[in-house]
Amino acid sequence: MGLFGKLFDKKECAVCGGEIGLLGNRKLEDGNLCKDCASKLSPWFSDRRQSTVEEIKGQLAYREANQEKVAAFHTTRTLGERTKVLLDEDKGLFMVTAAKNLAEANPDVLSFSDVTGCNLDIDERKTEIEYEDAEGERHSFNPKRYAYSYEFYIVIHVSHPYFSEIRFKLNNDTVDNNVETLLDGPNNTGMLHGGIRPTIGSMTGAAFTSNAEEVRASVDYQQYEAMGIEIRDALLQVRQQAREEAVAAAAPKTAVTCPFCGATTMPDANGCCEFCGGAISG
């Protein structure tokens with residue numbers, strides 16, 4: 001059988017046993033996976049090609065069990081705009097998703113203690129502003145001018161068997177003040193989309209080289225930066241609380257004499273006598 005014959009051979013999914021269509025194969029280290037089974041994997045998982053069939057089966061079992069956690073999840077706080085961080089502060093759990101139907105999306109439910117770090121990643125890019133002459137040739141200004149744009153990402157580092165970070169974008173549209181980067185002629189002032197004159201004071205003068213300062217001072221930039229800081233600080237705070245509670249729970253307890261009933265007791269989680277229920281001070 002030639003190369004093309006092997007290419008069009010029917011393949012079988014190593015997980016569900018179903019036949020894999022021509023464009024539906026997802027390669028594993030030691031087998032094949034159909035697109036339906038692949039769609040059930042965690043959206044934060046990226047090592048499929050390096051995973052064995054058994055490892056994928058293990059993850060799919062975890063993902064099925066995760067559905068029960070999603071069903072029991074009670075959102076007490078929501079952070080973000082498009083992709084949201086949902087917190088269940090009563091259970092010490094969170095998940096990250098853009099889905100409206102949580103049962104269908106089955107977002108991974110993690111514990112606050114799973115967080116190992118969190119940071120706001122602001123991706124800055126610059127594009128040279130050029131102009132076209134009458135013949136349609138592109139030229140640089142002297143000195144060169146640059147338009148800056150920004151994307152805002154949250155990166156949550158986690159301790160998890162199937163992924164080590166959750167990275168998602170905060171902004172829907174690029175934050176760039178809509179500055180044109182290809183102008184008609186060297187004397188063009190660089191109108192914004194919609195015909196609005198830019199507010200850069202030196203845009204029309206030879207001294208203009210960058211709009212970075214203005215974009216960073218814009219409402220959109222400030223909004224997404226504040227949103228990112230809020231999410232980062234919230235996750236780091238609940239992570240710290242979870243760790244402090246774990247340390248306190250693991251600390252050895254000391255027997256004390258109850259001032260109410262005189263019994264020797266180990267105070268419960270609320271610091272009360274296990275026999276009479278009296279609150280034992282400090």
Side-chain angles (χ1 to χ4, degrees), residues 1-73 80 82-86 88 91-121 123 151-170 231-232 235-236 239 242-243 246:
M1 184 179 293
L3 175 61
F4 288 102
K6 292 183 179 180
L7 182 64
F8 291 102
D9 275 351
K10 293 181 179 179
K11 295 180 175 61
E12 182 180 289
C13 177
V15 173
C16 71
E19 184 177 308
I20 300 176
L22 179 61
L23 301 177
N25 189 32
R26 305 294 184 266
K27 290 291 293 180
L28 302 177
E29 186 177 287
D30 60 349
N32 300 300
L33 189 70
C34 69
K35 63 180 181 180
D36 290 336
C37 287
S39 69
K40 298 175 184 178
L41 298 171
S42 169
W44 314 116
F45 175 67
S46 60
D47 293 331
R48 171 179 52 80
R49 283 184 171 271
Q50 288 74 45
S51 299
T52 65
V53 172
E54 287 307 309
E55 288 170 338
I56 292 298
K57 287 182 177 179
Q59 181 179 166
L60 290 175
Y62 144 75
R63 291 284 292 159
E64 186 173 350
N66 187 76
Q67 291 179 328
E68 295 182 7
K69 294 183 179 181
V70 172
F73 194 96
R82 182 181 60 173
T83 299
K84 297 179 175 64
V85 178
L86 307 179
D88 184 339
K91 298 187 182 74
L93 304 172
F94 77 97
M95 54 187 176
V96 179
T97 183
K100 293 182 179 180
N101 188 328
L102 297 181
E104 181 179 321
N106 191 26
D108 297 276
V109 178
L110 290 86
S111 299
F112 291 163
S113 58
D114 290 332
V115 177
T116 59
C118 184
N119 59 280
L120 169 62
D121 178 15
D123 182 15
E151 307 286 358
F152 296 78
Y153 296 89
I154 283 291
V155 184
I156 309 171
H157 303 282
V158 296
S159 175
H160 192 277
Y162 299 112
F163 49 89
S164 60
E165 73 173 34
I166 297 172
R167 187 175 191 268
F168 62 95
K169 190 163 74 168
L170 296 177
I231 294 173
R232 180 197 65 192
L235 286 174
L236 292 179
R239 164 186 175 265
R243 295 198 170 191

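What you see is a predicted model; the values in this text were computed from it and never measured. Reckoned from all heavy atoms, side chains included, excluding hydrogens, waters and symmetry mates. Start at 1 with the first residue, then count along the sequence.
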Look up atom SG in Cys34 and atom NZ in Lys40, then write down how far apart they are to the nearest 0.5 Å.
-> 7.5 Å
Hey, is the main chain of Leu93 close enough, under 3.5 Å, to the side chain of Lys69 for a donor-acceptor pair?
-> no
Closest contact, heavy atoms only, Thr116 versus Val158 = OG1-N, 3.6 Å
Is there side-chain contact between Ile56 and Phe45, with at least one heavy-atom pair below 4.5 Å?
-> yes
So how far is it from Cys16 SG to Lys57 NZ, rounded to the nearest 0.5 Å?
-> 10.0 Å
Do Ile231 and Leu170 come close enough that some side-chain heavy atom pair is under 4.5 Å?
-> yes
Report yes if some heavy atom in the side chain of Arg167 is under 4.5 Å from a heavy atom in the side chain of Asp121; otherwise report no.
-> yes
Correct closest heavy-atom pair for Val96 and Pro107 would be O-CB, 4.1 Å
State the CG-CD distance between Leu28 and Gln50, to the nearest 0.5 angstrom.
-> 10.5 Å
So, do His160 and Leu110 sit near enough that their side-chain heavy atoms are less than 4.5 Å apart?
-> yes
Is the shortest heavy-atom distance from the side chain of Tyr162 to the side chain of Leu41 under 4.5 Å?
-> no
If you look at every heavy atom in Arg63 and Asn106, which pair is closest and at what distance?
-> NH1-O, 2.7 Å
Hey, does the side chain of Ser42 reach the backbone of Trp44 with a donor-acceptor pair shorter than 3.5 angstrom?
-> yes
Do the side chains of Ile154 and Leu120 get nearer than 4.5 Å, heavy atoms only?
-> yes
Does Tyr153 reach the side chain of Lys169, with side-chain heavy atoms less than 4.5 Å apart?
-> yes
Output the distance between atom CZ (Phe94) and atom CG (Asp108), rounded to the nearest 0.5 Å.
-> 9.5 Å
Working to the nearest 0.5 Å, report the span between OG of Ser51 and CD of Gln59.
-> 7.5 Å
Answer yes or no: does atom CD of Gln67 have more than 12 heavy-atom neighbours from other residues, nucleotides or ligands under 6.0 Å?
-> yes
Where do Asn101 and Glu104 come nearest, in terms of heavy atoms and distance?
-> OD1-N, 3.0 Å
Output for pair (Lys35 NZ, Cys13 SG), nearest 0.5 Å, gives 12.5 Å
Shortest non-hydrogen pair, Leu102 vs Met95, comes out as CD1-CE, 3.6 Å
Considering non-hydrogen atoms only, spot the tightest contact between Leu236 and Cys118 and give its length.
-> CD2-N, 3.8 Å
From the options Lys11, Lys27, Arg26, Arg49, select the one residue that forms a side-chain contact (heavy atoms from CB on, under 4.5 Å) with Leu33.
-> Arg26
Does the side chain of His157 come within less than 4.5 Å of Asn119's, by heavy atoms?
-> yes
